[in-house]
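Heads up: the structure comes next, in C-alpha cells.
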Amino acid sequence: MHKDLEKVLLTKEEIAARVHEMGQRITADYAGKSILLCCILKGAVTFFADLAREIDVPVEFDFMVCSSYGDSTDSSGFVKIRKDLDADIAGKDVLIIEDIIDTGTTLSRLKPILADRDAASVKIATMLNKPSRRRAKVTVDYNGFEIPDAFVVGYGLDYAGKYRNLPCIGILKESVYKG
Ligand code: 5GP
C-alpha cells in the first residue's frame, strides 16, 4: 500500500470486476444505438478508458474540463466549464463519465447544460458515489461503488495533482492535507 494511504477501499481487481459489469449493463441498455461518451477530465480518465473498452456498442469520445477543488479537499460550490465538448451533441445519446459524485454540485449543473443542447438523452455513469455528502439532487444512472464520507485518491483521482496513477482507490491520510 502507498505510504500516504490510510486504507485501501477498493482493489484493482474489485474495480475491474465492477467496471466490467457496468459495461455489460450499458451495452444492453444502449443496444442498437451509439453513445457519445463524455469524459470529465481529469479525474474520470482512467475509469473512462477502462469502461469504454467494456462497452460493445459504437461510441464516440469527447472531453470536458470543469472546475473542481483545486488543491483543497472541499467543494467550492460553483462550477465553471474550462474546456467544452468539441462535438455538437444535438440528437445524440450522451453518457457523462464522472469519477466521483460528492455534493452533486458539478453534475446537477452540468447535466441540464448538456440536455439544453438538444441531446437525445443525457445519462450519468460514475465510478464512485458519496450519497451522505449530497447537497444537490442528481440522478445517477450507472453507479460503480457507494463509499463513505472520506477523501479518496487513486484510479484517476488526485490530491494536489498526485496519486492519479495508483491502481487502487484508497483513503488519503489526513496528515497529508492537514499537516
Ligand atoms: P461534487 O460537485 O459532486 O461535489 O464533486 C465532484 C468532484 O469533486 C469530483 O469530480 C472530484 O473531482 C472531486 N471530489 C469529490 N470527492 C472527492 C474525493 O474524495 N477525492 C478526490 N480526489 N476528489 C473528489
Side-chain angles (χ1 to χ4, degrees), residues 1-12 14-15 18-19 22 36-52 61-85 94-116 122-179:
M1 183 169 85
H2 191 287
K3 65 172 177 48
D4 292 350
L5 292 184
E6 183 185 307
K7 183 183 172 187
V8 172
L9 267 190
L10 298 162
T11 65
K12 183 180 168 180
E14 287 168 331
I15 296 169
R18 186 71 184 125
V19 173
M22 293 175 84
L36 183 93
L37 296 178
C38 167
C39 176
I40 309 298
L41 294 172
K42 300 174 185 168
V45 76
T46 314
F47 174 47
F48 172 84
D50 285 348
L51 183 65
F61 287 3
D62 211 337
F63 302 89
M64 270 187 122
V65 180
C66 300
S67 60
S68 167
Y69 291 2
D71 287 356
S72 152
T73 59
D74 200 8
S75 175
S76 58
F78 70 90
V79 172
K80 197 164 127 194
I81 296 178
R82 298 198 342 245
K83 184 226 168 283
D84 207 337
L85 297 174
V94 177
L95 183 58
I96 301 172
I97 313 290
E98 178 62 299
D99 49 5
I100 183 165
I101 305 179
D102 184 33
T103 63
T105 308
T106 310
L107 287 181
S108 69
R109 307 222 171 149
L110 195 58
K111 191 177 169 181
I113 291 174
L114 298 188
D116 275 356
V122 181
K123 288 189 179 183
I124 295 172
T126 185
M127 183 70 225
L128 302 174
N129 192 1
K130 286 189 207 168
S132 63
R133 293 259 306 163
R134 200 70 90 249
R135 276 185 245 155
K137 193 177 176 319
V138 182
T139 303
V140 183
D141 303 282
Y142 303 99
N143 192 8
F145 298 94
E146 292 198 350
I147 62 164
D149 178 9
F151 191 79
V152 295
V153 294
Y155 196 64
L157 287 156
D158 75 314
Y159 171 66
K162 288 170 65 183
Y163 313 110
R164 292 194 196 275
N165 60 334
L166 298 184
C168 65
I169 293 170
I171 299 177
L172 191 62
K173 281 183 183 163
E174 271 194 16
S175 57
V176 176
Y177 53 90
K178 286 197 173 154

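FYI, side chains are in, hydrogens and waters are out, and symmetry mates aren't considered; it's all heavy atoms of this structure. Remember, it's 1-based here, ligands and their atoms both numbered in the order they're listed.
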Q. In terms of atom number and element, which parts of ligand 1 are under 4.0 angstrom from non-hydrogen atoms of Leu157?
A. 21 (C), 22 (N), 23 (N)

Q: Between Ala150 and ligand 1, find which residue part has any heavy-atom pair under 4.0 Å and reply side chain, backbone, both or neither.
A: backbone

Q: Please say whether Asp99 places an N or O atom under 3.5 Å from an N or O atom belonging to ligand 1.
A: yes

Q. Below 4.0 Å from any atom of ligand 1, is there a heavy atom belonging to Arg133?
A. no

Q: Using distance alone, determine whether Phe151 and ligand 1 share an N or O pair under 3.5 Å.
A: no

**Q.** Sub-4.0 Å atoms of ligand 1 with respect to non-hydrogen atoms of Asp158
**A.** 21 (C), 22 (N)

Q | Side-chain (Lys130) to main-chain (Phe151) donor-acceptor, under 3.5 angstrom | A | no

Q: Please determine, by modelled atom types, if Asp4 and Tyr159 share a side-chain donor-acceptor pair under 3.5 angstrom.
A: no

**Q.** Minimal non-hydrogen separation, Ala136 against Thr105, with atom names
**A.** CB-N, 4.2 Å

Q: Could you establish whether Gly104 and ligand 1 come within less than 4.0 Å of each other, counting only heavy atoms on the residue side?
A: yes

Q. Just distances here: any N/O of Leu107 and N/O of ligand 1 closer than 3.5 Å?
A. no

Q.
Please work out, at 4.0 Å between heavy atoms, whether the side chain, the backbone, both, or neither of Ile40 comes within that distance of ligand 1.
A. neither

Q) Looking at Thr106, which atoms of ligand 1 are within less than 4.0 Å of one of its heavy atoms? A) 1 (P), 2 (O), 5 (O), 6 (C)

**Q.** Region of Glu98 engaging ligand 1 - heavy atom pairs below 4.0 Å
**A.** side chain

Q: Classify the ring geometry between Phe48 and Phe61 as parallel (under 30°), tilted (30 to 60°) or perpendicular (over 60°).
A: perpendicular

(Q) Please check this pair: side chain of Arg18 against backbone of Gly144, looking for a donor-acceptor N/O pair closer than 3.5 Å. (A) yes

Q: Would you confirm whether Asp141, through its side chain, and Ile124, through its main-chain N or O, come within 3.5 Å as a donor-acceptor pair?
A: yes

Q: Please report the shortest heavy-atom distance between Leu166 and His2, naming the atom on each side.
A: CD2-CD2, 3.8 Å

Q. For ligand 1, which atoms have a heavy atom of Thr103 less than 4.0 angstrom away?
A. 1 (P), 2 (O), 3 (O), 4 (O)

Q.
For Asp102, is there any backbone N or O sitting under 3.5 Å from a side-chain donor or acceptor partner on Arg134?
A. yes

Q: Select the closest option to atom 24 (C) of ligand 1 among Ile100, Ile147, Asp102, judged by heavy-atom distance.
A: Ile100

Q) For ligand 1, which atoms sit closer than 4.0 Å to a heavy atom of Lys130? A) 16 (N), 17 (C), 18 (C), 19 (O)

Q. Closest heavy-atom contact between Leu51 and Met22?
A. CD1-CB, 3.9 Å

